[in-house]
Chemist: 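Please find one structure pasted underneath; my questions will follow.
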Amino acid sequence: MAISHEALVHPMALVEDGATIGAGARIGPFCHVGAEVTIGANVELMSHVVVQGITEIGADTLIHPFAVIGGIPQDLKFNGEKTRLVVGARNRIREHVTMNAGTEGGGGVTRVGDDGLFMAGCHVAHDCQVGSKVIIVNNAALAGHCVIEDDVIIGGLSGVHQWVRIGRGAIIGAVTMVTHDVIPYGLVQAERGKLDGLNLVGLKRRGVARSDITALRAAFQMLAQGEGAFQDRARRLGEETESDYVRQIVDFVLAGSDRSFLTPGKQ
């Protein structure tokens, strides 16, 4: 066990031999930290937090009571193999959040980026790859193997099907089931998930130039109404655009995927 002399561990917490606790970390009462856990500098586990498995928690992350981080996958194929969860820096993980380690068949690692907000009761399943500045609202859930790129917001009580990719800057409305890939900067809502436009509010809040927003609007219309298959429209769009934002959509659509895409009008 390696506990920094600058860390504070409450006498009612259980830290197993072998755990690493960084400088300035605070482990509150009734927390349980497993033997293969690494807690970064200035991390705070408030109370009643369980961190288990081979799990890394990045610096300055705050975890609220009753979160369970690094638990074994909810996958019947899991057979006790050594897999990991890696959580980045400055995340805020609220009450009753669960994040599972990976599976051997999914690459062995669940990853969460930096500066995320994971609100009460949300779930990150095995082998998910979650980017930075992601917000997952209360009681939303990611199934296994999902890829969530940077700056995504997933609304409360929503569910994302396994293997789905959600592109950068997209927003998912509340109480929405997402079963297909979502293009970057897409706006998805309705019970079964409909691509209903672009996340214009998010783009404006991030200070995206008006010219890029105009280019994105035109790209969306071409993807919605152009001739040929969806990938063919994206390929033509890539040949014509000079916008880096549109290029992100094109690259996303043309990359390999295990799911089909949400397209305008498709549910």
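These values consider heavy atoms only, across backbone and side chains, with no hydrogens, waters or symmetry-generated copies.
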Chemist: Do the non-hydrogen side-chain atoms of V112 and N91 ever get within less than 4.5 Å of each other?
Modeler: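 In short, these two side chains touch, coming nearer than 4.5 Å.
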Chemist: Is the shortest side-chain N to carboxylate O distance from K82 to E104 below 4.0 Å?
Modeler: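 Salt bridge between K82 and E104, a charged N being under 4.0 Å from a carboxylate O: no.
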Chemist: Do L262 and V253 belong to the same hydrophobic cluster, where Ile, Leu, Val, Met, Phe, Trp and Tyr are linked whenever their side-chain heavy atoms lie under 4.5 Å apart, directly or via other members?
Modeler: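 Both belong to a single hydrophobic cluster.
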Chemist: Are I183 and M222 connected in the hydrophobic side-chain network, where two residues link if heavy atoms are under 4.5 Å apart?
Modeler: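 Looking at the clustering, M222 is in the same group as I183.
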Chemist: Please check this pair: side chain of E81 against backbone of N79, looking for a donor-acceptor N/O pair closer than 3.5 Å.
Modeler: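 Indeed, once roles are kept as given, a pair shorter than 3.5 Å links the two residues.
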Chemist: Hey, what do you get for OG (S257) to CZ (F252), rounding to the nearest 0.5 Å?
Modeler: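 The distance works out to 7.0 Å.
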Chemist: Apply side-chain hydrogen bond (donor to acceptor under 3.5 Å, both in side chains) to S243 and D212, showing your working.
Modeler: CA-CA 6 Å; S243 168; D212 282 310; 3.0 Å; yes
Chemist: Determine, step by step, whether V86 and V109 satisfy the side chain to side chain contact (heavy atoms under 4.5 Å, CB included) criterion, reporting the C-alpha distance in whole Å, the side-chain angles of both residues, the deciding distance to 0.1 Å, and the verdict.
Modeler: CA-CA 7 Å; V86 179; V109 184; 4.1 Å; yes
Chemist: At what distance, to the nearest 0.5 angstrom, does CD1 of I153 lie from CD1 of I166?
Modeler: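 The CD1 atom of I153 sits 11.5 Å away from the CD1 atom of I166.
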Chemist: For S132 and D115: C-alpha separation, side-chain torsions, deciding distance, then whether side-chain hydrogen bond (donor to acceptor under 3.5 Å, both in side chains) applies.
Modeler: CA-CA 6 Å; S132 295; D115 300 300; 5.6 Å; no
Chemist: Atom CD1 of I39 and atom OG of S4: how far apart are they, to the nearest 0.5 Å?
Modeler: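 One gets 13.0 Å once the value is rounded to the nearest 0.5 Å.
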Chemist: So T179 and R192, do their side chains get closer than 4.5 Å, heavy atoms only?
Modeler: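 Sidechains of T179 and R192: in contact.
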Chemist: So that I know where these two stand, are H145 and H126 an aromatic pair - ring centroids less than 6.0 Å apart?
Modeler: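 Ring centres of H126 and H145 closer than 6.0 Å.
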Chemist: Answer yes or no: is there a donor N or O on one side and an acceptor on the other, between the side chain of T83 and the main chain of G108, under 3.5 Å?
Modeler: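 No; judged by distance alone, with no hydrogens or angles, the pair does not exist.
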Chemist: Strictly under 6.0 Å, is that where the ring centroids of H180 and F261 end up?
Modeler: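 When the ring centroids of H180 and F261 are compared, they turn out to be at least 6.0 Å apart.
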Chemist: Heavy atoms, side chains only, cut-off 4.5 Å: are W163 and C146 in contact?
Modeler: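 When only atoms from C-beta onward are counted, C146 and W163 do not touch, as no gap falls below 4.5 Å.
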Chemist: Let me check something: do L200 and V188 share a hydrophobic cluster, defined by ILVMFWY side-chain heavy atoms less than 4.5 Å apart, either directly or through other members?
Modeler: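 Yes, L200 connects to V188 through the hydrophobic network.
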Chemist: Rounded at 0.5 Å granularity, tell me how far NZ in K204 sits from CZ in R210.
Modeler: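 It is 7.5 Å, given to the nearest 0.5 Å.
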Chemist: How long is the straight-line distance from CG of L142 back to NE2 of H161, given to the nearest 0.5 Å?
Modeler: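 Output value for this atom pair is 13.0 Å.
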Chemist: Check whether any side-chain heavy atom of N100 sits under 4.5 Å from a side-chain heavy atom of V124, and report yes or no.
Modeler: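 No, every pair of side-chain atoms sits at 4.5 Å or beyond.
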Chemist: Under a 3.5 Å distance rule, please check whether T241 uses its side chain to pair with a backbone N or O of V246 as donor and acceptor.
Modeler: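 Answer holds: no.
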Chemist: Please evaluate residues T103 and K77 with respect to the criterion side chain to side chain contact (heavy atoms under 4.5 Å, CB included), reporting the C-alpha separation (whole Å), side-chain torsions for both, the decisive distance (0.1 Å), and the verdict.
Modeler: CA-CA 8 Å; T103 64; K77 298 185 297 297; over 6 Å; no
Chemist: Would you say T55's side chain and V51's backbone share a donor-acceptor pair under 3.5 angstrom?
Modeler: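 Side chain of T55 to backbone of V51, a donor-acceptor pair under 3.5 Å: no, none is there.
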Chemist: Looking at A125 and G144, what are the two nearest heavy atoms and their distance?
Modeler: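 Result for this residue pair: CB-N, 3.5 Å.
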Chemist: Can you find a heavy atom in the side chain of M119 that is under 4.5 Å from one in the side chain of R92?
Modeler: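 No, side chains not in contact.
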Chemist: Can R233 and E227 be counted as an ion pair, charged N to O under 4.0 angstrom?
Modeler: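 No salt bridge links R233 with E227.
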Chemist: Would you name the heavy atoms of D196 and Q189 that are closest together and state the gap between them?
Modeler: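 Closest pair (atom of D196, atom of Q189, distance): OD2-NE2, 2.7 Å.
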Chemist: Search all heavy atoms of C128 against all heavy atoms of A143 and return the closest pair with its distance.
Modeler: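 Closest heavy-atom pair between C128 and A143: SG-O, 3.0 Å.
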Chemist: Are any of the side-chain nitrogens in D151 or R168 under 4.0 Å away from the carboxylate oxygens of its partner?
Modeler: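 Looking at R168 together with D151, the answer is yes, because their closest N to O distance falls below 4.0 Å.
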Chemist: Does any N or O in the side chain of T61 come within less than 3.5 Å of the main-chain N or O of G58, such that one atom is a donor and the other an acceptor?
Modeler: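 At least one qualifying donor-acceptor pair exists.
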Chemist: List for me each residue that meets side-chain contact (heavy atoms from CB on, under 4.5 Å) alongside A174, sequence neighbours excluded, and say none if there are none.
Modeler: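 In terms of side-chain contact (heavy atoms from CB on, under 4.5 Å), with neighbours along the sequence ignored, A174 is linked to no residue.
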Chemist: Provide the closest heavy-atom pair for V182 versus G186 in the form atom of the first, atom of the second, distance.
Modeler: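 Heavy atoms of V182 and G186 come nearest at CG1-CA, 4.5 Å.
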Chemist: Tell me whether R94 forms a cation-pi arrangement with F118, defined as NZ or CZ under 6.0 Å from the six-membered ring centre and within 45 degrees of its axis.
Modeler: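 No.
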Chemist: Does the distance from a Lys or Arg side-chain N to an Asp or Glu carboxylate O, for D244 and R247, drop under 4.0 Å?
Modeler: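 No, this pair does not count.
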Chemist: Kindly give the heavy-atom pair with the smallest separation between A19 and V33, and that separation in Å.
Modeler: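 For A19 and V33, the tightest heavy-atom pair comes out as CB-CG1, 4.0 Å.
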Chemist: Does the side chain of V97 reach to within under 4.5 Å of the side chain of F66, using non-hydrogen atoms?
Modeler: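 A side-chain contact under 4.5 Å is absent here.
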Chemist: Does D150 reach the main-chain N or O of G131 with its side chain, forming a donor-acceptor pair under 3.5 Å?
Modeler: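 No, D150 side chain to G131 backbone: no donor-acceptor pair under 3.5 Å.
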Chemist: Atom CZ of residue position R90 - does it have more than 12 heavy atoms of other residues, nucleotides or ligands inside 6.0 Å?
Modeler: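 It does: R90 CZ has more than 12 such atoms within range.
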Chemist: Establish, from distance only, whether the side-chain atoms of H123 and T98 form a donor-acceptor pair under 3.5 Å.
Modeler: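 Result is yes, a qualifying pair exists.
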Chemist: Does V137 belong to the same Ile/Leu/Val/Met/Phe/Trp/Tyr cluster as L157, with side-chain heavy atoms less than 4.5 Å apart forming each link?
Modeler: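 The answer is no; the residues belong to distinct hydrophobic clusters.
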Chemist: Is a donor on one side and an acceptor on the other found under 3.5 Å between the side chain of E44 and the backbone of G28?
Modeler: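 No.
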Chemist: Side chains of D127 and T110: donor-acceptor distance under 3.5 Å anywhere?
Modeler: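 No pair is found: no donor N or O on one side chain lies under 3.5 Å from an acceptor on the other.
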Chemist: Output, in order, the C-alpha distance, side-chain angles, deciding distance and verdict of side chain to side chain contact (heavy atoms under 4.5 Å, CB included) for I93 and I69.
Modeler: CA-CA 10 Å; I93 300 174; I69 309 300; 4.1 Å; yes
Chemist: Identify whether L45 and I3 are in the same connected component of the hydrophobic contact network (ILVMFWY, side-chain heavy atoms under 4.5 Å).
Modeler: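 The answer is yes; both residues are in one hydrophobic cluster.
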Chemist: Are L187 and L198 close enough that some pair of their side-chain heavy atoms sits under 4.5 Å apart?
Modeler: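 No, their side chains stay 4.5 Å or more apart.
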Chemist: Distance from Y185 atom OH to R206 atom CZ, nearest 0.5 Å?
Modeler: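 Reported value, rounded in 0.5 Å steps: 6.5 Å.
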Chemist: Which heavy-atom pair separates P65 from V49 by the least distance, and what is that distance?
Modeler: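 Heavy atoms only, the tightest pair is CA-CG2, 4.1 Å.
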